[in-house]
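To keep things clear, I will list the structure first and then write my remarks on it.
Being a predicted model, the structure only gives us computed values, none of them experimental. Proteins come first, then strands; the chains are lettered A, B, ... in the order of their sequence lines, and each starts at number 1.
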Amino acid sequence: MNAQPDVLLDIKNLTKRFSKVVAVDDVSLQVGSGEIFALLGPSGCGKSTLLRMIAGLELPDSGDILLDDSSIAKIPANKRPINMVFQSYAVFPHMTVENNVAYGLKAKRVAASEIRQQVEQALSQVHLLDQRDRKPHQLSGGQRQRVALARALVMQPRILLLDEPLSALDAKLRDQMRLELVKLQETVGVTFIIVTHDQNEAMAMADRIAVLDQGRVRQIASPEELYHQPLDTFVADFIGKINLFDVRKVTVEDNRVLAETDDFGVIEIQHVTDRTSELLNSVQAVVWKLGLRPEKLQLVANDLQPTEDTVSLSGELGDIAFQGVNSEVEIRLPDDKSLAAVATADDMQQLRQLQSGSMVNCVIKRRDFLLLPESADS
Amino acid sequence: MLFSRNSKAAPFDYARKWQLKLVFLLTTVFLYAPIIVLIIFSFNNSRRGGNVVWRGFTTKYYEKAFANSQLVEAFINSLTIAVVTTILSVILGTMTAILLWRFRFPFKPAVEGVVSLPIVIPEICMGVSLAMFFSQMGWLATGDLVWPFNLVNITVAHTTFAFPFTAMVIRTRLQSFNKELEEAAIDLGASTRMVYRDIILPHLKPGIVAGALLAFTLSLDDFVITFFTSGPNTVTFPVKVYSMVRFSVTPEINAASTILIIITLVLTALAVRMQREPVAS
Ligand SMILES: Nc1ncnc2c1ncn2[C@@H]1O[C@H](COP(=O)(O)OP(=O)(O)O)[C@@H](O)[C@H]1O
Ligand SMILES: [Mg+2]
């Protein structure tokens, strides 16, 4: 994990219970100054609750929140230099766009002339200057979101919190807004914390991502690291697709980690994560899996022989889902398991000749296998 | 065939069937004809208001009504009571609604039940109990006090039965309040007071207007409870009209009633206009 040199927000062992539900369970994480940090996880995993605790709208049961090394846990929401864009946008319906954006400055008793100037600047940042006199019901969903953005940004917060900012937009607008948000962040330089359940969104926007499940942090890493070195099966499965194979036994010989499998014999693991070595050194009983990303399954002509560095696999051709440049191909193994593979445009040329159910061969490089502990409760 | 015809029915098709048209017509006639007749005959140049023979147009009964100092006094009393009742009901009703919406406290369901009790209790029972209450307190004698203090007990009685309606209307409006609006305001630095002033009250405005109108009309035309709680020397418009009708029905009463109808209509129109603000979150 690459610890940020310039820590802005430091969350320490934060826990929040709602009667019996532990919404946020002993979460610790650090957010660096000027980055886009994503909280990613399935619905109900406690993302919003964590965000609301940062905003001060929810009080933690235990733990601490430090901003610039001083605790803000006891500072009420209306005094924190942190602002939020709500999931419903929460634009004030009876105020014009301009008054919405001016609201926070008025609450802060900023001089009227200054308010006018700052509101103007914020509105131009989100391209809403010409809509300033409109009421929210005259705006589209995307425009309302921009009002919510401008309203928060005009406060010049240390951190901007965004709760599922794109979930209410339609697909096309979502892609556009995704880019715009990243650009906006670059211009204003404010640290963004974005909550999302959509891994594509998190991967595309964030500098770093915390993957949450059932109130706990599973892994905090950059999008690349999450994809290529997931810490467990939950993260591997949540971040993109992964094929999982059973592992009979994992042994360590002269610092080499060897996984015994039914499908491929003994595989030596190249990338051993810290977590894996930790688990291998502990006495804890762990269920291990071998993971393989679909694009690492190379479809080959029937007669190719496996080399020392590769293993091979054959199965029936299943469904093919065309996805533009690449297509996702299903391969059914004899034991009724099915694997996902990625076929390039060239592969598709050949695959088109084949019928569903014909045998196809795949080659896998030994070093592409990931050794993953099965996550305890998923 | 029958089904296919039904399935093609457009929203206002029911109005095309003559039976339904007839029902609609009769309903309208029975509802509004008496009122229209009342208004027309306030201009009838006849000595008796119940006289159904048109004897020419006149406005002299309006002049007469305005010249009848007792009637004018009753009218002013009624308006005063209604205005004060409305103000009190809106304040109490809004506070009650927010209390029941926002806070959790012991015996909350019981409190809710007690608050809405005046809506279901028969007016006659409320009238009797309030009369007993006021006589115990010695308040029936307030009728001897100087205006407007002679109206205190009637106003208190009206507020007692009107504010639960106001509270109910406002409570309903609160149900549609998006709590994220409140949180957004706090997030932007608003204090609790500012949240109420800038966010919650503007959201409640249509409910408050509707509740105020309800309280006003309930108070203005209340007869039963007023009858029991007014002292011998204070009269309200409905009570005065009742006593005048007992002697004879004169066009003067028609004229006074017409003015009352117009006031109510104007107020309703104003309220509807104030509510026309679009609702969006
Ligand atoms: N105000 C609340 N009262 C009770 N339970 C809550 C409350 N807010 C959230 N929860 C519960 O806490 C868990 C996490 O919720 P949330 O943080 O909203 O998840 P997410 O945003 O990841 O979908 C859920 O099980 C949810 O039901
Ligand atoms: Mg959420």
Taking every heavy atom of A/Ala77 against every heavy atom of B/Ile186, the minimum-distance pair comes out as CB-CG2, 3.7 Å

Assert top hit (heavy-atom pairs under 4.5 Å, partner chain B, pool A/Met95, A/Arg80, A/Arg151) equals A/Arg151

For A/Phe18, does the CZ atom sit with more than 12 other heavy atoms under 6.0 Å from it, leaving out its own atoms?
yes

For A/Ala107 and B/Leu188, the nearest pair of non-hydrogen atoms, with its separation, is CB-O, 4.1 Å

Taking CZ in A/Arg109 as the centre, count heavy atoms belonging to other residues, nucleotides or ligands within less than 6.0 Å. Is the count above 12?
no

Filtered by a 4.5 Å non-hydrogen cutoff, the part of residues 50-69 of chain A contacting chain B is A/Arg52, A/Ala55, A/Leu57

Nearest heavy-atom contact between A/Phe86 and B/Glu180 is CB-OE1, 3.3 Å

- Determine whether more than 12 heavy atoms belonging to other residues, nucleotides or ligands lie under 6.0 Å from atom NZ of B/Lys179. yes

Shortest non-hydrogen pair, A/Met84 vs B/Asp187, comes out as N-OD2, 2.7 Å

- Query: In this structure, are over 12 heavy atoms from other groups packed under 6.0 Å from A/Arg17 atom CZ?
  - Reply: no

Cut-off 4.5 Å, heavy atoms of chain B, and the answer for A/Leu105 is neither

_Tell me if the CZ atom of B/Phe105 is crowded by more than 12 foreign heavy atoms within 6.0 Å._
yes

More than 12 non-hydrogen atoms from neighbouring residues, nucleotides or ligands closer than 6.0 Å to CZ on A/Arg116, yes or no? no

To the nearest 0.5 Å, atom NE2 of A/His94 lies from atom CD1 of B/Ile199 at 5.0 Å

In terms of heavy-atom contacts, A/Phe92 and B/Leu181 come closest through CE2-O, 3.3 Å

**Asked** Is the count of non-hydrogen atoms from other residues, nucleotides or ligands lying under 6.0 Å from B/Lys108 atom NZ greater than 12?
**Response** yes

